[in-house]
Amino acid sequence: MEPVKNYINGKWVKAKSGKSFRSINPANKNEVVGVVPKSGREDIDQAVKAAREAYESWQLTPAPRRGEILFRAAEILLRKKESFGKLETREMGKILSEALGDVQEAIDMGYYMAGEGRRLSGETVPSELPNKDMKSVRVPMGVFGLITPWNFPVAIPAWKVFPALVCGNTVVFKPSSDTPVCAAKFVEVLAEAGLPKGVLNLVHGSGGEVGEYLVSHPGVDAISFTGSFDTGKHLEAICGAIHRMIVTEMGGKNAIIVMDDANLDLAVEGAIWGGFGTTGQRCTAASRIIVHKKAYKKFIERFKTAGSYLSIGNGLQRETDVGPVINESQFNKVLKYIEIGKKEGAKLILGGKAYRKGSCSKGYFIEPTIFGEVTPEMRIAQEEIFGPVVSAIKAEDLEDAIQIVNHTPYGLSSAIYTQNVNSSAIAERDLETGIVYINASTIGAEIHLPFGGIKHSGYGRKEAGGRGGALDTYSRWKVIYRDFSGQLQKAQIDK
Ligand code: NAD
């Protein structure tokens, strides 16, 4: 068991209240992974004060020097990848290979943002006037409050912390209370890499108390949040009222279209890993499979067979394909949705109950579940379940399939399996999601292109990289005009 602390102003400290809570292994409720400070407002006050003070010198630290610290952090993460992966599987439940992938994403983001320390480029453009020059430069926003979910407990903090720091911001980080140990280990890496005190502060605690106080704290300049739509929308309203910049990355009801000309081997495999990988707990999980009516019967048979081979268990065991869901409330929520699906008249094709064989009785395991004959209006086809439950919906043709995909409040990720170049081009144009995959599942973003959704899936600028990605989220533009003509202003106005 790990004793975990807050990290404030370069020191590992307990919560002022002295209270703590436990982080539990979802594969075995009896295993306590960490005992964690249950922080309150006074801990946030201290962390924000430290971040404000550190901002003065951090914003003036040359960006390439800031990048070097991130590079060292990526090197340390790489060295500790295996132990990070195992910890992540114990604390969050995902299978080890996926946990290692999550850590690798954080490593990649570290190297990538380290390089951005030497770029952070703006524009220089010619002036309309002689003897005048002009440019735009990126400047930091100040103190950033970062709030993260539990499903990518190392990668998502890395997606936020690395770009925030390279741009010259200081940070107060409030991770999910389901994965606090992973968050603390990640912060430890940055401390080891040589980050000056106060630049990155970590405060554990509940969203309602600690998170919400951080979001509205007068000493904070901007917020980046990833989590559910309900929480994100609530935080957007708080920030709107106090004129504070917020970026929210939220849920999804992602869909794969399988056309009648699709390579079914690829489509079935994509549906399996998109639907049941990470136990269906990815924001980009393929929870709807929309199948052309001519391919529907064959696809369902093969999807069912492939799903029935998935091995459920503790993610540390090599043979496991599907681990537990994160906690009791998520366990109950997923089972409730299965009941809703049955009541709505969907046809249960596979799974449909909790999985309690052997040692799995100690954890939050649910069978991979497939519903067929789902209609687009059903709740299981509209609401984010965030568990191993996939709905198959029959479509008349491509146009109908695209309409079904677009017919939810969410807009994060979608995919199409087809061998027809025209169908893929139409889908690429008409699917209303932030990310579209062609002949690949809805999952598997790469860090050097922007990541994020539209509609209820996201608000504001984007995460990750490329143009319009994280650098635009974690910096703002300052525009500078320099006049070396010696001319009076009036003469310039009369140009
Ligand atoms: P959640 O909204 O319950 O919590 C997310 C974070 O917000 C946690 O740290 C939580 O403590 C905090 N929080 C909760 N209430 C708060 C409040 N009132 N004020 C401030 N902070 C508060 O979400 P979750 O269950 O941790 O994560 C699952 C959700 O995250 C899913 O909807 C999933 O789709 C989404 N997600 C989205 C992305 C993306 O990039 N779009 C990535 C991963 C997860």
Side-chain angles (χ1 to χ4, degrees), residues 21 23 26 36 38-39 41 44 91-94 102 105 145-160 172-180 182-183 202-217 220 223-239 244 246-254 278-287 325-331 333-334 383-387 408-413 433-435 442-443 445 447 450-464 469-470 473:
F21 66 93
S23 172
V36 185
K38 192 163 186 252
S39 314
R41 293 181 168 209
I44 289 285
E91 191 172 42
M92 185 270 161
K94 67 172 71 171
D102 184 59
E105 185 126 334
L146 307 182
I147 299 183
T148 57
W150 44 264
N151 63 337
F152 287 89
V154 183
I156 291 181
W159 275 26
K160 294 184 190 298
V172 178
F173 168 32
K174 205 299 287 173
S176 167
S177 32
D178 282 303
T179 48
C182 287
L202 169 72
V203 182
H204 297 284
S206 86
E209 282 173 47
V210 176
E212 194 154 328
Y213 185 60
L214 172 64
V215 168
S216 55
H217 197 288
V220 170
I223 299 294
S224 172
F225 164 87
T226 300
S228 62
F229 173 69
D230 287 345
T231 310
K233 186 180 164 208
H234 175 60
L235 300 184
E236 286 163 15
I238 292 176
C239 287
R244 176 160 300 165
I246 181 167
V247 171
T248 55
E249 293 294 350
M250 303 177 285
K253 194 67 193 173
N254 315 292
T278 321
T279 319
Q281 301 174 113
R282 287 178 186 242
C283 52
T284 52
S287 61
V325 298
I326 184 72
N327 56 30
E328 188 173 359
S329 101
Q330 197 55 28
F331 179 76
K333 180 180 159 193
V334 175
E383 297 170 21
E384 187 184 46
I385 300 173
F386 225 50
T408 78
Y410 293 102
L412 185 52
S413 181
T433 52
I435 308 162
T442 51
I443 57 173
I447 49 115
F451 178 91
I454 57 172
K455 298 173 13 187
H456 284 192
S457 296
Y459 173 80
R461 289 176 254 179
K462 297 289 161 218
E463 299 273 40
T473 299

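For ligands, and for the atoms within them, numbers begin at 1 and follow the listed sequence. Bear in mind that the values here come from a model prediction, so they are computed numbers and not experimental data. The analysis underlying the following values was restricted to heavy atoms, covering all of them including side chains, and did not include hydrogens, waters or symmetry mates.
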Checklist entry - Among C283, G458, G227, which residue places a heavy atom closest to atom 29 (C) of ligand 1? => result G227

Checklist entry - Looking at W159 versus F451, is the centre-to-centre ring distance below 6.0 Å? => result yes

Next on the checklist: Can you report which non-hydrogen protein atom sits closest to atom 11 (O) of ligand 1, along with the distance?
Outcome noted: K174 NZ, 2.6 Å

Checklist entry - Any non-hydrogen atom of I156 lying under 4.0 Å from ligand 1? => result yes

Item to check | Value rounded to 0.5 Å, distance of CD1 in I435 from OG in S457 | outcome: 9.0 Å

Item to check | Sidechain-backbone polar pair: D178 side chain, M92 backbone, donor-acceptor under 3.5 Å | outcome: no

Checklist entry - What protein heavy atom sits nearest atom 37 (C) of ligand 1, and how far away is it? => result M250 O, 3.1 Å

Item to check | Any donor-acceptor N/O pair, Q281 side chain to I326 backbone, under 3.5 Å | outcome: yes

Checklist entry - Any heavy atom of G453 sitting closer than 4.0 Å to ligand 1? => result no

Next on the checklist: Can you tell me how far apart OG1 (T179) and CG (N151) are? Round to the nearest 0.5 Å.
Outcome noted: 8.5 Å

Checklist entry - At what distance, to the nearest 0.5 angstrom, does OG of S206 lie from NZ of K38? => result 7.0 Å

Checklist entry - What's the shortest heavy-atom distance between K160 and L146, and which atoms? => result CB-CD1, 3.7 Å

Checklist outcome for this item: the protein heavy atom lying closest to atom 27 (O) of ligand 1 turns out to be P149 CB, 3.3 Å

Next on the checklist: Under 4.0 Å, heavy-atom basis, I'd like to know which part of F152 is in contact with ligand 1: side chain, backbone, both or neither.
Outcome noted: neither

Checklist entry - So between Y410, F225, W150, whose heavy atom ends up nearest atom 26 (O) of ligand 1? => result W150

Checklist outcome for this item: In terms of its nearest heavy atom to atom 5 (C) of ligand 1, the top option of T231, T226, L235 is T226

Item to check | Closest heavy-atom pair and its distance - R461, E249 | outcome: O-OE2, 3.8 Å

Next on the checklist: Quick test: of every protein heavy atom, which one is nearest to atom 13 (N) of ligand 1, and how far off is it to 0.1 Å?
Outcome noted: G207 CA, 3.3 Å

Checklist entry - Among all protein non-hydrogen atoms, which one is nearest to atom 9 (O) of ligand 1, and what is the separation to 0.1 Å? => result T148 O, 2.7 Å

Item to check | Closest protein heavy atom (residue, atom, distance) for atom 12 (C) of ligand 1 | outcome: I147 CG2, 3.6 Å

Item to check | Distance-only N or O hit between ligand 1 and S228, under 3.5 Å | outcome: yes

Next on the checklist: For F451, state whether at least one heavy atom is located under 4.0 Å from any atom of ligand 1.
Outcome noted: yes

Item to check | Atom pair OG1 (T226) and CD1 (I147), whose distance is rounded to the nearest 0.5 Å | outcome: 10.0 Å

Item to check | Residue and atom name of the nearest protein heavy atom (relative to atom 31 (C) of ligand 1), distance in Å to one decimal | outcome: E384 OE1, 3.5 Å

Checklist entry - Among V210, N151, D230, which residue places a heavy atom closest to atom 44 (C) of ligand 1? => result N151

Item to check | Closest contact, heavy atoms only, S23 versus E91 | outcome: OG-OE2, 2.7 Å

Checklist entry - If you round to the nearest 0.5 Å, how far is CZ of F152 from CZ of R282? => result 4.5 Å

Item to check | Nearest non-hydrogen protein atom, atom 28 (C) of ligand 1 | outcome: F386 CE2, 3.6 Å

Checklist outcome for this item: What one should report as the nearest heavy-atom pair of P180 and V36 is CG-CG2, 3.5 Å

Checklist outcome for this item: Going by the 4.0 angstrom heavy-atom rule, the piece of P175 near ligand 1 is backbone

Next on the checklist: Show me which atoms of ligand 1 lie under 4.0 Å from any heavy atom of E212.
Outcome noted: 17 (C), 18 (N), 19 (N), 20 (C)

